[in-house]
Amino acid sequence: MELPFAESWKIKMVEPMRRSSLKERQEWLAQAHYNVFQLKAEQVYIDLLTDSGTGAMSDRQWAELMLGDESYAGATSFYKFEAMVKKIFGMKYVIPTHQGRAAENVLFSYLVREGNVIPGNAHFDTTKGHIESRKAKAIDVTCDDAKDTQKEVPFKGNVSLEKLEKVLIENKGNVPFMVLTVTNNTVGGQPVSMKNIKETCALCHKYGVPVVMDSARFAENAYFIKTREEGYADKTIKEIALEMYTDVDAMTMSAKKDGIVNMGGFIGTNNKEWYEGAKLFCIPFEGYVTYGGMNGRDLNALAQGLDENTEFDMLQTRIHQVQYLANLLDEYGIPYQRPAGGHAIFVDADKVLPEIPKEEFPAQTLTCELYLEAGIRACEIGYMLADRDPVTRENRFGGLDLLRLAIPRRVYTDNHMKVIAAALKNVYDRRESITRGVAIEWEAPLMRHFTVQLKRL
Ligand SMILES: *Cc1c(COP(=O)(O)O)cnc(C)c1O
């Protein structure tokens with residue numbers, strides 16, 4: 001008999017979690033104005049709000065905390081961290097920052113000017129925010145495959161080279177860099193192929209435009225290259241990661257994802273001029289260049305996290321779990337962005353709750369129903385998050401309306417995945433009785449999803 005798959009780690013420390021009653025959840029959700037961001041964490045049973053900063057550190061990472069060097073300048077922790085970034089990404093110059101958006105803030109302060117155009121494969125919200133707040137424009141050049149949730153292609157996060165070339169031609173001399181995001185978070189944690197990375201870099205360089213890799217989930221992307229792309233099956237994750245960065249000019253990293261730390265980030269580059277330029281913004285915004293917003297101990301834990309999470313077994317365990325949840329949803333007929341991504345499942349709420357009109361926010365309603373069903377906290381990536389048009393103030397109903405189940409790294413077991421799938425099935429089975437959604441009672445002018453107050457219709 002073939003031995004079944006099992007996790008590549010065992011558990012040394014546990015954290016108790018508590019189920020609640022339906023009556024408690026009804027009260028808590030009403031107090032939270034039907035917005036799960038407003039719930040207290042202790043009111044949540046299984047928390048799938050995000051995979052960012054929510055991973056479990058290993059015993060080796062905890063041991064590294066004790067070895068942290070908190071010297072203001074030139075700490076051994078910085079050199080340990082710098083050596084790991086050089087080894088994994090081949091980047092000569094490294095600037096630590098407190099998280100991914102801080103890396104964007106520091107680098108973009110140096111590179112982005114008013115009126116610039118910055119193409120990318122679905123810029124992450126903070127990336128877009130740092131571009132738009134400098135009065136520059138972010139243009140999406142993701143391939144069209146990503147728009148169809150039911151289409152199964154292996155590299156749905158890819159850049160459309162035609163769309164990219166059009167932007168490069170039309171904005172010649174006005175594109176300071178292109179942002180290549182791996183995996184493509186916004187379209188569902190979908191990977192970018194090595195072929196597409198190389199072709200994208202070559203095309204940008206042909207027009208004299210550098211490439212910045214937004215690297216939050218680079219290791220998951222490398223895993224998909226190894227398991228899906230021809231010619232990479234026999235390469236190690238570390239070999240693949242290094243190859244992914246050979247033609248890239250710089251990287252920004254949210255270490256809260258594939259670094260498996262609770263807080264942290266960095267900039268890496270081979271361009272000395274960019275390094276010198278970014279350094280000038282690191283010091284006032286983040287801190288001196290050998291700590292830049294991080295503790296020595298946290299730099300140590302991050303170095304260790306990067307090393308562990310570029311090992312095949314670690315990534316196989318993770319992607320296997322996300323796929324395990326996807327398989328259960330397949331069994332129950334629940335539609336999601338296919339194939340399953342690296343860090344999350346994106347359920348297609350419009351298809352799960354077809355009775356609910358757009359104006360009543362189907363995905364937001366589904367987050368409420370899933371919470372009421374089993375105390376599971378997911379995240380709406382849909383019409384609420386899309387905010388209003390800045391000019392007309394109309395709701396933006398043009399995109400997809402999704403419920404994201406983000407899976408924290410090394411935190412939950414496959415039994416928890418069974419609970420999540422069963423809870424969704426129960427909601428799905430009673431979908432015909434869910435005919436009304438939610439209405440907005442109060443909202444902030446920008447980024448409304450964090451604080452919006454709703455009522456149940
Ligand atoms: C999370 C994330 C960021 C921002 O990082 P933070 O650490 O949350 O500031 C940027 N890009 C991508 C693709 C991300 O997933």
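For ligands, and for the atoms within them, numbers begin at 1 and follow the listed sequence.
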Contact table ligand 1 N or O to protein N or O, d under 3.5 Å:
| from | atom 1 | to | atom 2 | distance (Å) |
| --- | --- | --- | --- | --- |
| ligand 1 | 5 (O) | Ser254 | OG | 3.3 |
| ligand 1 | 7 (O) | Gly100 | N | 2.9 |
| ligand 1 | 7 (O) | Ser254 | OG | 2.7 |
| ligand 1 | 8 (O) | Gln99 | NE2 | 3.4 |
| ligand 1 | 8 (O) | Arg101 | NH2 | 2.9 |
| ligand 1 | 9 (O) | Gln99 | NE2 | 2.8 |
| ligand 1 | 9 (O) | Gly100 | N | 3.3 |
| ligand 1 | 9 (O) | Arg101 | N | 2.8 |
| ligand 1 | 9 (O) | Arg101 | NE | 2.6 |
| ligand 1 | 11 (N) | Asp214 | OD1 | 3.1 |
| ligand 1 | 11 (N) | Asp214 | OD2 | 2.8 |
| ligand 1 | 15 (O) | Asn185 | ND2 | 3.1 |
| ligand 1 | 15 (O) | Arg217 | NH1 | 2.9 |
| ligand 1 | 15 (O) | Lys257 | NZ | 2.8 |

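Classification of the Phe450-Phe37 ring pair by plane angle, with boundaries at 30° and 60°, yields perpendicular.
Residues in residues 173-197 take part in these ring pair (Phe, Tyr, Trp, His ring centres under 6.0 Å) pairs, two or more places apart or across chains: Phe108-Phe177. Within the structure, the ring pair (Phe, Tyr, Trp, His ring centres under 6.0 Å) test picks out no pair touching residues 133-167 (sequence neighbours left out).
For His343 and Asn185, the side-chain atoms include at least one donor-acceptor pair closer than 3.5 Å.
Two rings, from Phe312 and Tyr223, have their centers less than 6.0 Å apart.
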Identify every side-chain donor-acceptor pair in residues 260-271 under 3.5 Å, counting partners at least two apart or on other chains, and give the distances.
| from | atom 1 | to | atom 2 | distance (Å) |
| --- | --- | --- | --- | --- |
| Asn262 | ND2 | Gly53 | O | 2.9 |
| Thr269 | OG1 | Asp249 | O | 2.8 |
| Thr269 | OG1 | Asn271 | N | 3.0 |
| Asn270 | OD1 | Lys92 | N | 2.9 |
| Asn271 | OD1 | Glu273 | N | 3.0 |
| Asn271 | OD1 | Trp274 | N | 3.1 |

